[in-house]
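Each remark here refers to the structure printed beneath this line.
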Amino acid sequence: MSRSIDYGSLMHRALRGLIDEVLSDIAAEGLPGAHHFFITFDTTHPEARLADWLKERYPEEMTVVLQHWYENLYTDANGFGVTLNFGDTPEPLYIPYDAIRTFMDPSVEFGLKFDAHDPGDEAEAEIEEDAEEEPHDAEIVSLDSWRK
């Protein structure tokens, strides 16, 4: 029996954990500075909860913004809930982490994109950065001085 490390699955879980950690901190402390989030999610996900009229208007995916007005933000092991304002109508949403397709914080040019996948397959994720960002100089450190 051959065994291998499923790096795609491990990365998928780690990046969803990053989103959970960020949103948990925001729920407890609020948004710092200019940070704000654009979160696109799959509205057909069986655990996503949103008003019927929103499902009709966004039958496949929807992007929400957490910035100026949101209430009741909370997280759990599987996703997060938040109340957002749609045309002066507050609506509660629950978004499972597995339903998230993109998570962006434009204030720091950070983004995660999760590829769509078939049920049972783990999504591949990539970290997106601004292509015009200046490259950082790297320092090469020799480990020879610690070798015996």
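Worth saying up front: this structure is predicted, and the values here are computed from it rather than measured.
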message: Any non-hydrogen side-chain atom of V22 less than 4.5 Å from a side-chain atom of F103?
response: yes
Closest contact, heavy atoms only, A34 versus S107: O-CB, 3.2 Å
task: Compare all side-chain heavy atoms of D98 with those of N78 and state whether any distance is below 4.5 angstrom.
output: no
message: For E60, I'd like to know if atom CD has over 12 heavy atoms of other residues, nucleotides or ligands within 6.0 Å.
response: no
- prompt: Are M62 and L54 close enough that some pair of their side-chain heavy atoms sits under 4.5 Å apart?
  reply: yes
query: Hey, mind stepping through F41 and T63 against side chain to side chain contact (heavy atoms under 4.5 Å, CB included) and telling me if it holds?
result: CA-CA 6 Å; F41 69 98; T63 300; over 6 Å; no
- prompt: Sequence neighbours excluded, which residues qualify as side-chain hydrogen bond (donor to acceptor under 3.5 Å, both in side chains) partners of T43?
  reply: none
query: If you look at every heavy atom in L73 and L23, which pair is closest and at what distance?
result: CD2-O, 3.9 Å
- prompt: Any side-chain heavy-atom pair from V82 and N72 closer than 4.5 angstrom?
  reply: no
For P32, side-chain contact (heavy atoms from CB on, under 4.5 Å) partners two or more places apart: I26, H35
- request: Could you give me the CA-CA distance, side-chain angles and deciding distance for D105 and F38, then say whether side chain to side chain contact (heavy atoms under 4.5 Å, CB included) is met?
  value: CA-CA 7 Å; D105 183 346; F38 291 91; over 6 Å; no
All pairs passing salt bridge (charged side-chain N to carboxylate O under 4.0 Å, His left out) where residues 20-33 contributes a residue, at least two apart: none
message: What's the separation between atom CE in M11 and atom CG in D6, rounded to the nearest 0.5 Å?
response: 10.5 Å
field: Backbone N/O of Y97 and side chain of R16: donor-acceptor pair under 3.5 Å
entry: yes
Counting only pairs under 3.5 Å, give me each side-chain donor-acceptor contact of residues 85-92, with atom names and distances, residues two or more places apart or in other chains.
{"residue": "N85", "atom": "OD1", "partner": "D88", "partner atom": "N", "Å": "3.0"}
{"residue": "N85", "atom": "OD1", "partner": "T89", "partner atom": "N", "Å": "3.0"}
{"residue": "E91", "atom": "OE2", "partner": "W53", "partner atom": "NE1", "Å": "3.0"}

- line: Between the CG atom in L112 and the CD1 atom in I19, the distance rounded to the nearest 0.5 Å is 5.0 Å
query: Are F114 and H12 close enough, and set up right, to give a side chain to side chain contact (heavy atoms under 4.5 Å, CB included), and what steps lead you there?
result: CA-CA 8 Å; F114 296 89; H12 177 263; 4.2 Å; yes
field: Test side chain to side chain contact (heavy atoms under 4.5 Å, CB included) applied to T102 and I39, step by step
entry: CA-CA 6 Å; T102 63; I39 303 168; over 6 Å; no
message: Is a donor from one side chain sitting under 3.5 angstrom from an acceptor on the other, for Y94 and D76?
response: yes
- prompt: Quick one: salt bridge (charged side-chain N to carboxylate O under 4.0 Å, His left out) pairs with a partner in residues 34-48, sequence neighbours left out?
  reply: D42-R101
- request: Keeping to residues at least two apart or across chains, list the ring pair (Phe, Tyr, Trp, His ring centres under 6.0 Å) pairs with something in residues 58-85.
  value: none
